[in-house]
Amino acid sequence: MRVFCIANQKGGVGKTTTAVSLADTCAKTGARTLLADFDPQCNATSGLGVAPAANTPLTTESASPLTCATHIPNLDMLPGCRNVAEIEVLTRCNESAMQQIRQQLQQTMEGYDFVLFDCPPSLGQITQLALSAATEIIMPIQCEFFAMEGLVQMIEVIKKAMHKRQNNDLQFGGIVLTMYDAGLELTHEVEKEVRDFFGGIVFDTVIPRDAAVSEAPSHALPILEYAPRSRGARAYTELCMEML
Ligand SMILES: Nc1ncnc2c1ncn2[C@@H]1O[C@H](COP(=O)(O)OP(=O)(O)OP(=O)(O)O)[C@@H](O)[C@H]1O
Ligand SMILES: [Mg+2]
């Protein structure tokens with residue numbers, strides 16, 4: 001099982017778009033795939049036409065499964081919940097509550113080949129929960145002026161999560177440049193800065209700014225279903241191949 005944590009504490013950098021698109025492309029390989037929405041905004045959930053959960057998942061023992069099927073073959077979802085921030089409160093200074101939630105999460109992930117977490121734009125307990133269950137971190141960075149801001153804190157949190165784990169089973173999967181506009185000088189400046197600083201962990205594939213990518217969620221479809229011939233769909237397919 002490979003577990004991808006799509007995270008960046010910065011908002012609006014393309015985490016959800018990347019999580020949904022990669023989950024869809026992973027499922028298309030025929031592998032059993034789970035997309036877990038850990039963001040109270042529930043964008044990944046509504047972007048696939050799934051109803052958000054009424055109660056915070058993973059916090060209580062549950063007889064019925066927490067996951068549900070989506071309209072995409074091989075792709076299940078752990079729906080987001082508007083109250084998921086309760087996890088932040090429950091687990092703050094309470095390691096045994098965190099432990100219980102981690103166990104529930106492990107059970108929920110059983111049987112899947114790929115799991116992808118869509119994280120909220122924060123470095124709180126929820127992102128740390130996802131990091132604790134992940135095998136790889138994927139960090140989208142938007143090609144804009146403040147792209148590198150805050151990355152130092154993010155990397156500190158990742159390092160701590162890696163330190164807590166044994167056998168080096170949490171790796172840096174890679175950085176992906178999103179909303180890439182080849183016609184803009186700024187895009188090239190940001191790309192150079194990110195590639196100079198992070199070197200080989202930056203994916204070769206970049207995700208272009210593409211109107212079809214931003215339209216797809218309003219049709220409750222991943223980009224590959226909404227506009228299979230679009231530049232965005234091609235880029236996410238290439239990114240998935242590079243990632244796998
Ligand atoms: N490649 C792209 N081309 C055009 N628009 C995009 C692209 N990627 C993302 N967007 C749009 O940018 C906005 C932010 O993207 P997204 O919701 O994926 O970011 P996020 O990091 O998950 O945000 P948040 O931090 O709020 O969860 C959305 O409106 C999305 O449709
Ligand atoms: Mg999001």
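For ligands, and for the atoms within them, numbers begin at 1 and follow the listed sequence.
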Going by the order shown, which atoms of ligand 1 are within less than 4.0 Å of some heavy atom of [X]?
{"X": "P208", "result": "1 (N), 2 (C), 3 (N)"}
{"X": "D39", "result": "27 (O)"}
{"X": "V213", "result": "1 (N), 2 (C), 3 (N), 7 (C), 8 (N)"}
{"X": "I207", "result": "1 (N)"}
{"X": "G11", "result": "25 (O)"}
{"X": "V13", "result": "19 (O), 20 (P), 21 (O)"}
{"X": "P121", "result": "25 (O)"}
{"X": "Q41", "result": "24 (P), 26 (O), 27 (O)"}

Pick out which of N74, D113, D76 makes a side-chain hydrogen bond (donor to acceptor under 3.5 Å, both in side chains) with R32.
D76

Under 4.0 angstrom from atom 2 (C) of ligand 1, is there any protein heavy atom?
yes

[X] (side chain) donor-acceptor with [Y] (main chain) under 3.5 angstrom:
{"X": "Q125", "Y": "T91", "answer": "yes"}
{"X": "R102", "Y": "L129", "answer": "no"}
{"X": "E88", "Y": "I126", "answer": "yes"}
{"X": "T56", "Y": "N83", "answer": "yes"}

Which residue owns the protein heavy atom closest to [atom], what's the atom, and how far is it?
{"atom": "atom 19 (O) of ligand 1", "answer": "G14 N, 3.0 Å"}
{"atom": "atom 13 (C) of ligand 1", "answer": "M179 CE, 4.7 Å"}
{"atom": "atom 4 (C) of ligand 1", "answer": "D210 O, 3.2 Å"}
{"atom": "atom 24 (P) of ligand 1", "answer": "G12 N, 3.5 Å"}
{"atom": "atom 20 (P) of ligand 1", "answer": "K15 N, 3.5 Å"}
{"atom": "atom 17 (O) of ligand 1", "answer": "T16 CB, 4.0 Å"}
{"atom": "atom 30 (C) of ligand 1", "answer": "T17 OG1, 3.9 Å"}
{"atom": "atom 29 (O) of ligand 1", "answer": "S214 CB, 4.9 Å"}

Do the side-chain N and O atoms of T45 and D37 include a donor-acceptor pair separated by under 3.5 angstrom?
yes

N43 to ligand 1: N or O pair under 3.5 Å?
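Looking only at distances, the answer is no, because the N/O contact criterion of under 3.5 Å is not met.
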
For Y236, is at least one N or O under 3.5 Å away from an N or O on ligand 1?
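In fact, backbone or side chain, Y236 has no N or O that close.
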
Search all heavy atoms of [X] against all heavy atoms of [Y] and return the closest pair with its distance.
{"X": "D118", "Y": "A19", "result": "CB-CB, 3.8 Å"}
{"X": "I141", "Y": "A147", "result": "CG2-CB, 3.6 Å"}
{"X": "C68", "Y": "P79", "result": "SG-CG, 4.0 Å"}
{"X": "C5", "Y": "A134", "result": "CB-CB, 3.6 Å"}
{"X": "G232", "Y": "V213", "result": "CA-CG2, 3.7 Å"}
{"X": "D210", "Y": "S230", "result": "OD2-CB, 3.5 Å"}

Check contact between [X] and ligand 1, using heavy atoms of the residue and a distance below 4.0 angstrom.
{"X": "A19", "value": "no"}
{"X": "T178", "value": "no"}
{"X": "G232", "value": "no"}

Begin with the C-alpha distance, continue with both residues' side-chain angles, and end with the deciding distance and a verdict on side-chain hydrogen bond (donor to acceptor under 3.5 Å, both in side chains) for Y236 and T18.
CA-CA 8 Å; Y236 272 116; T18 301; 2.9 Å; yes

Kindly confirm or rule out a cation-pi arrangement of R2 over F114, judged by NZ or CZ under 6.0 Å from the six-membered ring centre and within 45° of its axis?
no

Within T17, is some N, O or S atom less than 2.8 Å away from the Mg ion (ligand 2)?
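It does not; every qualifying atom lies at 2.8 Å or beyond.
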
Region of D118 engaging ligand 1 - heavy atom pairs below 4.0 Å
neither

